[in-house]
Amino acid sequence: MKPTDISDPEFFHQVVDCQYACPAHTPVPHYIRLIAQEKYTEAYMVNWESNVFPGVLGRTCDRPCEPACRRGRVEEEPVAICRLKRVAADNKEDYKHLLPKIPKKKNGKRIALIGAGPASLTVARDLMPLGYEIDLYDEQPAGGGMMRSQIPSFRLPIEVLDEEVNTITDMGVLTHYNTYVASLKEILDKDYDAVFVGTGAPRGKDLDLPGRKEADANIQIGIEFLASVAFEHADSIGERVLVIGGGNTAMDCCRTARRLGGKDVRIVVRSPFEDMKASPWEKDDAMAEDVPFYNNHVPKEYVVENGKLKGMKFEKVEAHYDADGKRSLVPTGEDLVFFECDDVLMAVGQENTFPWIERDLDIEFDKWDMPSVDKVTFQSTNPKVFFGGDAAFGPENVITAVAHGHQAAISIDLFCKGESLTERPAPFTNLVSQKMGIHEWSYDSEVAEDVRYAVPHAAKEEALQDRMIEVELGFDKDLGYKEAERCLNCDVQTVFTEARCIECDACMDICPTECITFTPNGDEEELRPRLIQPANNLEQPLYISDELKTGRIMVKDEDVCLHCGLCAERCPTSAWDMQKFYYSVTKAG
Amino acid sequence: MSYIRSKFEHPQAQQNTLGFTRRDYEGSISTLCAGCGHDSISAAIVQACFELAIEPHRVAKLSGIGCSSKTPTYFLGQSHGFNSVHGRMPSVATGANLANRDLMYIGVSGDGDTASIGMGQFAHVVRRSLNMVYIVENNGCYGLTKGQDSATADVGSKSKAGKENMYQPIDLVSQALQLGASFVARSFSGDKEQLVPLLKAAISHHGFAFIDVISPCVTFNNHPGSTKNYEFVRDHLNATGTVDFIPMREEIITRYEKGSTQDVTLHDGSVISLRKAAEDYNATDRGQSLQKVREADTRGEILTGLLFVDTDAQDVHSVINTSERPLNSMSEKELCPGSEALERINESLR
Ligand SMILES: Cc1cc2nc3c(=O)[nH]c(=O)nc-3n(C[C@H](O)[C@H](O)[C@H](O)COP(=O)(O)OP(=O)(O)OC[C@H]3O[C@@H](n4cnc5c(N)ncnc54)[C@H](O)[C@@H]3O)c2cc1C
Ligand SMILES: Cc1ncc(C[n+]2csc(CCOP(=O)(O)OP(=O)(O)O)c2C)c(N)n1
Ligand code: SF4
Ligand code: SF4
Ligand code: SF4
Ligand SMILES: [Mg+2]
């Protein structure tokens with residue numbers, strides 16, 4: 001294999017598993033260390049810079065970082081990255097003076113943002129400090145998009161959302177709430193320099209089965225139900241509720257129903273439990289609130305008596321998987337199952353819909369009626385019109401919408417300056433030695449053995465009384481510290497300098513997880529299995545040195561390195577050094 | 001400040017037939033200087049015991065005084081151990097072995113501990129053919145007392161302060177050969193590929209197994225004027241061949257050209273397969289081994305590898321005809337049969 005080019009920022013970037021997996025590439029270990037040092041405000045700002053909504057995300061993020069976390073490969077559970085973010089948000093002090101200054105003198109460019117969800121708000125956050133004038137349109141009475149209309153307040157208190165939305169709108173964004181945009185043409189006619197579409201995926205899917213029309217009064221689309229609860233148009237539901245679907249929307253629907261008077265609330269879903277789309281922790285929370293799950297039940301019919309919904313019938317199935325892992329649901333042949341109910345909540349998916357975009361504006365739509373959007377620049381085929389968030393490629397989550405927003409802001413800025421959109425700014429990186437003494441590093445290199453701490457929850461009886469009571473209480477400072485100590489500091493990189501190595505084997509012998517091997521070179525395929533511990537995790541890179549004096553090379557499997565620094569402590573010649581790698585995605589401007 | 005070795009190990013860490021991982025054979029974290037050759041030897045011992053699937057409680061580690069003699073603390077943390085007095089490891093090993101012949105004895109010593117203060121003890125433990133592995137971690141100096149020249153330092157080799165050594169070195173390998181050791185090998189701490197199979201063979205050998213391991217002292221004897229620094233040693237190594245150790249359980253699969261391989265079957269049925277560098281090397285001819293060691297020395301080379309092995313050697317227990325049953329498993333009544341028995345013995349001698 002060729003020696004690893006560590007001057008390419010992407011090599012060490014991928015070693016920081018959590019940051020790499022985060023769509024916005026938040027410098028996770030960096031803020032976790034700040035939390036351990038009780039520097040909550042700084043930790044908050046590190047987050048705010050990259051993900052814009054630390055308080056919201058510290059409670060609701062889909063957390064793609066956690067399944068990626070190295071800790072989960074070394075022991076049972078990843079670091080509670082998401083809930084640590086909340087510790088920063090909960091304990092921060094005044095940070096207004098740390099926010100970017102907004103120039104009084106504008107740059108003369110006007111931008112329209114349609115939809116006030118996280119994607120649009122991120123574009124505003126990045127462009128306001130550059131002097132842009134921004135009009136933000138949303139049909140809802142306040143900003144936040146689905147963070148406001150969909151994520152229930154027992155998961156995300158209104159005040160937390162308000163604070164973070166206001167931080168952005170207070171930069172001087174011209175908000176046009178309660179304003180439905182019925183025509184993109186009209187907006188374009190207002191001579192904006194660019195338009196960003198962040199209108200989400202607002203249509204909930206329905207299930208057209210026998211009895212649908214007759215039972216209409218007692219069937220609601222899940223996301224419409226959640227929005228009407230959030231905006232206080234609805235405050236009750238029947239005692240017996242069937243929630244159809246197995247995703248996160250279904251979980252929010254059943255838990256909301258439990259708070260509005262639902263006593264016998266059930267989840268009924270086609271797929272087996274393991275295949276349900278909902279995040280494991282959302283399933284746990286629903287089950288903890290006494291919601292039973294009926295898996296392998298396919299809805300067949302709404303049963304109506306005397307013009308009123310009586311219940312629903314389901315066919316029982318079994319999941320079969322073919323050689324490629326493709327699933328088919330095969331009926332068991334048993335009789336249909338009947339569940340009585342007063343109301344049905346339909347949570348079987350969301351779709352995009354753009355009835356307000358005229359089709360003669362040079363914006364190309366594909367056969368699924370989705371706009372053609374560039375995956376890197378977020379530009380549509382009309383160069384002035386950009387898409388981001390759920391509106392771009394279908395429903396995802398808040399952090400993805402934020403990541404899109406940052407990239408779209410870069411594109412809009414380049415576009416307004418007449419520069420090429422494909423020449424994207426390189427990330428900012430920095431690599432600094434952490435050595436302070438023979439066994440002393442400027443980071444806490446000791447590996448804590450604690451297992452993951454659980455976040456305390458409010459008492460169930462109390463929480464179910466009022467949908468405004470937040471269920472998760474968050475880590476306090478003490479628990480936050482302990483959990484922070486579980487982080488392995490994967491951004492503190494092991495950096496190897498061939499010329500210094502005398503091949504004494506000390507690093508190889510001391511490494512607790514046996515990551516380092518000195519061996520003759522070979523092809524990757526041939527090399528991986530013959531390392532001291534075979535490097536079977538192909539997703540993790542090998543760090544390869546140039547040829548050493550004996551003709552061998554140093555191979556380090558990055559997979560389960562604990563970043564404990566022992567290799568560098570045991571190296572007599574400082575051929576290894578522990579160096580902190582800072583990587584941040586460059587923003588617009 | 002860290003210096004704490006995490007208990008986390010590789011999640012798919014390989015296991016031996018006992019279900020132990022390599023890390024189950026480690027000891028406390030080493031307090032030796034970073035990069036010390038002695039630590040590499042400890043790691044090689046761990047590797048050999050792991051591969052041989054040795055039950056840790058069946059091993060006793062013995063040592064004298066010195067950086068080298070400290071190392072038994074850093075491997076086989078679940079085995080027995082005795083850190084004795086300077087140069088006296090052989091006596092303690094002899095006593096322990098006589099009391100319990102069923103344990104495996106791994107003695108670790110230094111060039112100072114063996115070739116200076118312990119020379120007399122060394123000579124006698126070889127001569128008695130105690131069933132043990134005797135490892136000298138040879139760095140050409142007294143590491144623990146700050147690097148004075150030891151008796152294995154070469155003439156002209158410079159100390160860290162720049163002073164040349166004036167005395168002839170004692171070559172422990174030649175000494176062991178002459179004194180009748182039944183297994184003699186030499187290796188280098190920086191060459192685990194050679195050292196690990198040699199250790200495995202030595203552990204499996206019945207009788208006295210001696211391994212001289214050149215082991216650079218990074219702090220006091222790794223400078224350019226020394227003949228025991230990493231670079232000098234690497235440049236002057238000359239192996240008798242490549243050693244493969246094949247435990248008796250396994251079939252010998254690899255076969256090399258006739259004449260270039262010498263297979264030696266040990267007591268327990270395992271085989272040392274020597275892929276010889278030179279056709280005419282015969283590892284079972286003591287006289288020839290001595291001669292080859294000397295020849296290499298005259299050429300300024302360090303001859304390493306398996307130098308000599310005699311699989312028919314008798315150990316001290318068979319020589320003095322002790323009981324098969326270890327003495328430590330006998331009751332006081334059996335061990336001290338009383339004055340009547342003594343009287344009878346005395347009578348027989350009159
Ligand atoms: C029930 C539910 C729970 C969820 N929970 C989570 C969670 O816990 N964590 C997570 O990360 N994600 C969650 N999501 C997903 C997340 O809310 C979205 O992915 C995210 O909000 C998308 O952001 P966006 O900026 O693309 O648009 P949205 O947040 O969807 O905002 C779009 C906005 O545009 C407005 N709009 C649309 N059309 C027009 C128009 N023509 N004129 C004016 N305004 C318009 C809408 O009113 C809305 O306010 C959840 C989704 C649902 C449905
Ligand atoms: C009876 C006695 N004499 C002298 C000493 C001082 N002393 C301690 S270690 C040592 C030399 C050790 O040299 P070596 O065996 O080569 O070990 P190294 O430290 O080089 O590994 C000496 C002379 C002692 N501890 N006891
Ligand atoms: S930092 Fe070094 S010693 Fe520690 S786990 Fe990583 S490679 Fe091994
Ligand atoms: S400890 Fe240092 S000198 Fe020794 S092998 Fe490792 S990198 Fe090389
Ligand atoms: S002084 Fe020399 S022999 Fe002792 S630990 Fe340090 S390097 Fe090893
Ligand atoms: Mg010594």
Side-chain angles (χ1 to χ4, degrees), chain A residues 70-76 436-441 443-449 488 501-515 518-520 531-537 549-552 557 559-576 578, chain B residues 1-15 21-23 25-47 50 71 74-75 139 188-193 195-196 215-220 222-223 229-235 237:
Chain A
R70 173 174 307 250
R71 185 98 192 181
R73 298 198 294 276
V74 174
E75 51 132 340
E76 298 290 306
M436 305 224 317
I438 295 184
H439 304 307
E440 246 175 311
W441 303 103
Y443 75 105
D444 192 352
S445 60
E446 189 182 333
V447 178
E449 274 156 24
L488 296 171
C501 177
I502 57 170
E503 298 179 66
C504 70
D505 286 359
C507 52
M508 172 172 102
D509 295 338
I510 196 72
C511 177
T513 45
E514 303 177 310
C515 309
F518 290 85
T519 185
L531 301 182
I532 294 191
Q533 290 294 353
N536 294 330
N537 184 355
K549 280 202 198 78
T550 60
R552 300 178 300 172
D557 179 11
D559 186 19
V560 288
C561 167
L562 304 172
H563 297 263
C564 66
L566 278 183
C567 48
E569 284 183 33
R570 292 306 282 171
C571 178
T573 62
S574 296
W576 285 109
M578 304 305 291
Chain B
M1 168 101 184
S2 74
Y3 218 64
I4 293 164
R5 200 175 187 204
S6 171
K7 289 202 189 76
F8 290 145
E9 55 182 323
H10 195 287
Q12 288 91 41
Q14 292 161 316
Q15 296 183 348
T21 65
R22 196 162 16 232
R23 290 204 56 191
Y25 290 89
E26 74 188 22
S28 316
I29 193 162
S30 167
T31 57
L32 301 186
C33 305
C36 178
H38 299 353
D39 281 337
S40 270
I41 301 172
S42 297
I45 295 173
V46 164
Q47 180 71 19
F50 165 76
T71 63
Y74 316 137
F75 60 83
N139 54 13
F188 169 45
S189 66
D191 184 2
K192 286 205 186 67
E193 269 180 49
L195 181 54
V196 172
S215 173
C217 167
V218 278
T219 301
F220 299 112
N222 195 38
H223 42 271
N229 70 36
Y230 277 102
E231 217 170 330
F232 185 94
V233 175
R234 280 212 169 94
D235 288 347
L237 290 179

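Reminder, nothing fancy here: chain letters follow the sequence lines and each chain counts from 1.
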Restricting to non-hydrogen atoms, name the atom on B:Gln14 and the atom on A:Ile532 that form the minimum distance, rounded to 0.1 Å. OE1-O, 3.2 Å
Please rank B:Arg23, B:Glu193, B:Gln47, B:Glu9 by heavy-atom pairs under 4.5 Å with chain A and give me the top one. B:Arg23
Can you tell me which of A:Asp505, A:Asp559, A:Ile438 forms the most heavy-atom pairs within a distance under 4.5 Å of chain B? A:Asp505
Which pair of non-hydrogen atoms, one from A:Gln533 and one from B:Gln12, has the smallest distance, and what is that distance? OE1-O, 3.9 Å
Is it the backbone or the side chain of A:Cys511 that comes under 4.5 Å from a heavy atom of chain B, or both, or neither? backbone
For B:Ser6 and A:Pro512 the tightest heavy-atom approach is O-CB, 3.8 Å
Check each atom of A:Thr550 against the heavy atoms of chain B and say whether the ones under 4.5 Å are side chain, backbone, both or neither. side chain
Name the region of A:Glu75, side chain, backbone, both or neither, that has any atom closer than 4.5 Å to a heavy atom of chain B. side chain
Give the member of A:Val560, A:Ile510, A:Asn536 that has the highest number of heavy-atom pairs under 4.5 Å with chain B. A:Ile510
Could you check whether B:Arg22 pairs with A:Asp509 (Lys NZ or Arg NE/NH1/NH2 to Asp/Glu carboxylate O, under 4.0 Å)? no
Take B:Lys192 and A:Phe518, measure what side-chain contact (heavy atoms from CB on, under 4.5 Å) needs, and give me the verdict at the end. CA-CA 11 Å; B:Lys192 286 205 186 67; A:Phe518 290 85; over 6 Å; no
Chain B heavy atoms under 4.5 Å from A:Met508: which part of the residue, side chain, backbone, both or neither? side chain
Heavy-atom proximity to chain B below 4.5 Å, by part of A:Leu562: side chain
Please identify, among A:Met436, A:Glu514, A:Arg73, the residue contributing the most non-hydrogen atom pairs under 4.5 Å to chain B. A:Glu514
Which heavy atom in B:Ser30 sits nearest to a heavy atom in A:Arg570, and how many Å separate them? OG-NH2, 3.3 Å
Taking the side chain as every heavy atom from C-beta outward, state whether B:Arg234 and A:Lys549 have any atom pair closer than 4.5 Å. no
With a 4.5 angstrom heavy-atom cut-off, is it the side chain or the backbone of B:Arg5 that approaches chain A, or both, or neither? both
Report the distance from atom CG of A:Leu566 to atom CD1 of B:Ile4, rounding to the nearest 0.5 Å. 9.0 Å
Verify, without hydrogens or angle tests, whether B:Ser40 (side chain) and A:Cys504 (backbone) share a donor-acceptor contact under 3.5 angstrom. yes
Is chain A contacted by the side chain of B:Asn222, its backbone, both, or neither, given a heavy-atom distance below 4.5 Å? side chain
Which bit of B:Glu26 comes within less than 4.5 Å of chain A, counting heavy atoms only: side chain, backbone, both or neither? neither
Under 4.5 Å from any heavy atom of chain A - which part of B:Phe8: both
